[in-house]
Amino acid sequence: MYRCKLLILLFFAIFIASCSTSPTGRSQLLLKSDAELEAQARATFSAYRATLPLSTNRAKIDFVACVASALVAELDPPYSDFEWDLAIFEQNQVNAFAMPGGKIGVYTGILDVTDNADQLAAVLGHEIAHVTSKHVNERASRGSLSGIGIEALAVIMGGGYTGGAYTAQQAMQAGVALGMELPMSRSQETEADIVGLRYMAKAGFDPRESVKLWKHMMTMGGKKPPEQLSTHPADETRIENLISEWQVTLPIYNQALADGKHPDCKKNWN
Ligand SMILES: [Zn+2]
């Protein structure tokens, strides 16, 4: 009898611990441990760093670091306490990602389609919002990780980091397992848009630039658009959603400007 009561108590404790509310008020089922996901992200990020060419262009590194640090400075605990890691990969891909535990990866291809710091802040704000909204945990809790990604992750986690023991492709597949290279669900993407806009506005980046960016992406030919667009086209609905958020984000932006926040991140290269 006592044992049974204990089990029931334990069940409720687990249930309560795993039910959470996202930043925009969605209820989330989070079954994975943050510590475990962060350890996986650390290993995957190391694999990316070891296998993809890192940019050596000082101007590009400074520009991305300027935008990223202005954004993470506006996060709430525990994310404000993270030591955020940033890697800039010399790749033509138009993409960026953020991982649990505070890892940000930017492909230099995205710098060719973002006209200014505000537009890069729109992309990075969106990616950081996936982390602070625990979207990887939510996705993993639904058991939708791809088999091949898990295998690659097992190679990296289990085999240990032996320096070049695995390929760039394996690193990418591990990234897929953590949801780095794939779009999230529609509701998670919308949430990342909304939360990301708030971060950029709080940091003093103009949220209106996000619409210019996504419109630009819509008309972009040749290059593959970032994950946000690859399965969820930047249709009129997305643009309308971003614009409808301005009533919330423009006052935040104006307050940031009044507080003297205007990150001076310049594109000093051709
Ligand atoms: Zn996204």
Side-chain angles (χ1 to χ4, degrees), residues 22-26 28 30 37 41 44-45 48 64 67-68 71-72 75 79 84 86-87 89 91 93-107 109-111 113-114 118-142 144-146 149 172 174-201 203 205 207 209-218 220 223-245 249:
S22 80
T24 60
R26 286 184 308 114
Q28 293 178 301
L30 304 174
L37 289 172
T44 307
F45 198 65
Y48 270 58
V64 177
V67 172
L71 286 169
V72 300
L75 303 179
Y79 305 101
W84 287 79
L86 175 66
F89 303 109
Q91 296 273 91
Q93 251 172 293
V94 181
N95 211 352
F97 61 81
M99 290 178 179
K103 316 283 175 210
I104 299 172
V106 175
Y107 298 93
I110 199 127
L111 303 178
V113 298
T114 44
D118 305 81
Q119 293 188 7
L120 181 62
V123 173
L124 297 188
H126 173 104
E127 298 304 330
I128 291 167
H130 277 310
V131 172
T132 59
S133 308
K134 296 180 183 280
H135 287 168
V136 169
N137 194 329
E138 202 179 6
R139 165 188 277 203
S141 302
R142 282 198 303 262
S144 57
L145 296 184
S146 71
M172 287 287 191
V176 170
L178 280 172
M180 297 317 133
E181 299 287 335
L182 291 173
M184 302 285 181
S185 71
R186 168 72 84 167
S187 60
Q188 289 175 326
E189 290 304 332
T190 304
E191 183 162 72
D193 271 351
I194 293 169
V195 175
L197 275 181
R198 290 177 193 170
Y199 290 153
M200 72 181 289
F205 295 109
E209 287 292 322
S210 65
V211 169
K212 285 188 201 162
L213 170 75
W214 302 124
K215 281 191 171 165
H216 180 191
M217 298 271 192
M218 281 166 76
M220 215 171 67
K223 282 192 165 185
K224 201 172 171 288
E227 50 94 2
Q228 299 95 295
L229 298 183
S230 52
T231 57
H232 305 319
D235 51 20
E236 290 305 318
T237 315
R238 186 180 196 186
I239 304 284
E240 277 165 25
N241 286 344
L242 287 168
I243 293 172
S244 71
E245 279 300 308
T249 48

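Remember, it's 1-based here, ligands and their atoms both numbered in the order they're listed. Just so it is clear, the model here is predicted, and its values are computed rather than measured.
Residue H130: an N/O/S atom is found under 2.8 Å from the Zn ion (ligand 1). Residue contacts to the Zn ion (ligand 1): D193 brings no N, O or S atom closer than 2.8 Å.
If you take OH on Y199 and OG1 on T132, they are separated by 3.0 Å, rounding to the nearest 0.5 Å.
At the Zn ion (ligand 1), the angle from NE2 in H126 to OE1 in E189 is 80° when rounded to 10°.
In terms of the side-chain hydrogen bond (donor to acceptor under 3.5 Å, both in side chains) criterion, residue partners of N137 (sequence neighbours excluded) are, by chain and number, D34, S141. The side chain to side chain contact (heavy atoms under 4.5 Å, CB included) test applied to T24 returns S22, R26, E191, I194, V195, not counting sequence neighbours.
For the residue pair H135 / Q28, no side-chain donor-acceptor distance below 3.5 Å is found, with atom types taken as modelled.
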